[in-house]
Amino acid sequence: MAGFQQVIVLRDLDFSRGAAAYQPNVKGPIMTELKIFDETFMADSDEHDWNEEEVNGVTIAHSAADAGAMTMTAGGTDDDCGELSHTAQWTAAKNCGVEVWLKISQITSICVAAGFVDAKTATNDRIAMEMDAATLKNMTGTADCCGLLFDTDATTGVWYCVAANNGTEGTPVAALGSLAPVAATYVKLRIQTDSTGKVAYYYNGVAVGSQAAAIAAASTDLLTPYVGFISRSTAAAVCTIARITTWQEF
């Protein structure tokens, strides 16, 4: 047909008529722009400097499920709770982020929080991030935090974006989309800070909220990745954590 040219594309590359030319464009070591820590829990957490706070009634244990995971199991008494945090510290002002892959066995009478804290709470019947109606509860032992929080003591049973700065709790904001967890289904919760103190929140890779000046951005305010879990009934409940990835700029 006039004005058109037929093009035939071979499925296989043929190098029989001459060797392919290769020109390296990297000399010396490759310097990454991000410091990255990726934990898939292929071994017990105490082998990788994770802190397990179990004195509050939750049992934290390694599981071979899902190619390696940590389970936080509550049951027996009201407000059984536990916390998982790391000894490594990250700098909010260096655009740090954390992504947590977790699932919970039931979505009634529980609270689960994932994100960053400056210190775990380590108090009976409390974790670092909890809600009472539409407000963030006063924290014990934690001054700075940011995370995604599901708490059945909240006004509505959906995920909230929460943060505190230097001991002052911010106003929780419901994540966009009226998101409620699905029992026994993994979700990816990502929290990202920037150099100004702003925090962005992502749910399964989709942006669901942001808060300006939500957490102190000074380099001295060091953070640790965190998961807190609390059961508000006597029924057994399990939070399974399959992966925690943390990063920041150099």
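Residue numbers count from 1 along this sequence.
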Which residues, ordered by chain and number, are linked to [X] in its hydrophobic cluster, where ILVMFWY side chains connect at heavy-atom gaps below 4.5 Å, directly or through other members?
X	answer
M129	V117, I127, M131, L136, L149, V158, Y160, V162, Y226, I230
Y202	none
M139	none
M42	none

What's the separation between atom [atom1] in [X] and atom [atom2] in [Y], rounded to the nearest 0.5 Å?
X	Y	atom1	atom2	result
T246	I191	OG1	CD1	10.0 Å
K120	S85	NZ	OG	5.0 Å
M72	L84	CE	CG	6.0 Å
K103	C239	NZ	SG	10.5 Å
L223	C145	CG	SG	9.5 Å

Which heavy atom of A183 sits nearest a heavy atom of I107, and at what distance? N-CG2, 3.9 Å
Taking every heavy atom of C146 against every heavy atom of T193, the minimum-distance pair comes out as SG-CG2, 4.3 Å
With sequence neighbours excluded, residues passing side chain to side chain contact (heavy atoms under 4.5 Å, CB included) with [X]:
X	result
T140	T121, T123, R126
A237	S105, Q106, I110, F229, S231
T73	T71, V238

Exam field: side chain [X] to backbone [Y], donor-acceptor pair closer than 3.5 Å:
X	Y	result
E54	T59	no
D118	A143	yes
H62	G68	no
N95	S195	yes

Take Y203 and L189, measure what side-chain contact (heavy atoms from CB on, under 4.5 Å) needs, and give me the verdict at the end. CA-CA 5 Å; Y203 183 92; L189 308 173; 3.7 Å; yes
According to the side chain to side chain donor-acceptor pair (under 3.5 Å) rule, which pairs have a member within residues 174-190, sequence neighbours left out? D66-Y186, E99-R190
Considering only residues two or more places apart or on different chains, which pairs with a residue in residues 162-176 satisfy side chain to side chain donor-acceptor pair (under 3.5 Å)? none
Are there more than 12 heavy atoms of other residues, nucleotides or ligands under 6.0 Å from atom NZ of K137? yes
With salt bridge (charged side-chain N to carboxylate O under 4.0 Å, His left out) as the rule and sequence neighbours excluded, what pairs involving residues 73-88 come up? D79-R232
Please collect all salt bridge (charged side-chain N to carboxylate O under 4.0 Å, His left out) contacts where either partner lies in residues 85-97, sequence neighbours excluded, each pair once. none
Between [Y] and [X], is there a side-chain heavy-atom distance shorter than 4.5 Å?
X	Y	result
P181	I104	yes
I244	V227	yes
F250	E33	no
T77	T234	no

Applying side-chain contact (heavy atoms from CB on, under 4.5 Å), run through V100 and I241 and close with a yes or a no. CA-CA 7 Å; V100 180; I241 307 156; 4.2 Å; yes
Spell out, yes or no, whether M70 and L102 are grouped together once hydrophobic residues are joined by side-chain heavy atoms under 4.5 Å, including indirect joins. yes
Establish whether F41 and W101 are linked, either directly or via other cluster members, by ILVMFWY side-chain heavy-atom contacts under 4.5 Å. no
By the ring-ring contact (aromatic ring centres under 6.0 Å, His included) test, which pairs, at least two apart or in different chains, include something from residues 63-97? F37-H86, W50-H86
Please test L34 against E249 for side-chain contact (heavy atoms from CB on, under 4.5 Å), starting from the C-alpha separation and ending with a verdict. CA-CA 4 Å; L34 296 178; E249 292 182 353; 3.7 Å; yes
Could you check C161 against L148 for side-chain contact (heavy atoms from CB on, under 4.5 Å), going step by step and ending with a plain yes or no? CA-CA 5 Å; C161 306; L148 281 160; 4.0 Å; yes
Say whether W247 and Q192, considering side chains only, have a donor N or O and an acceptor N or O under 3.5 Å apart. yes
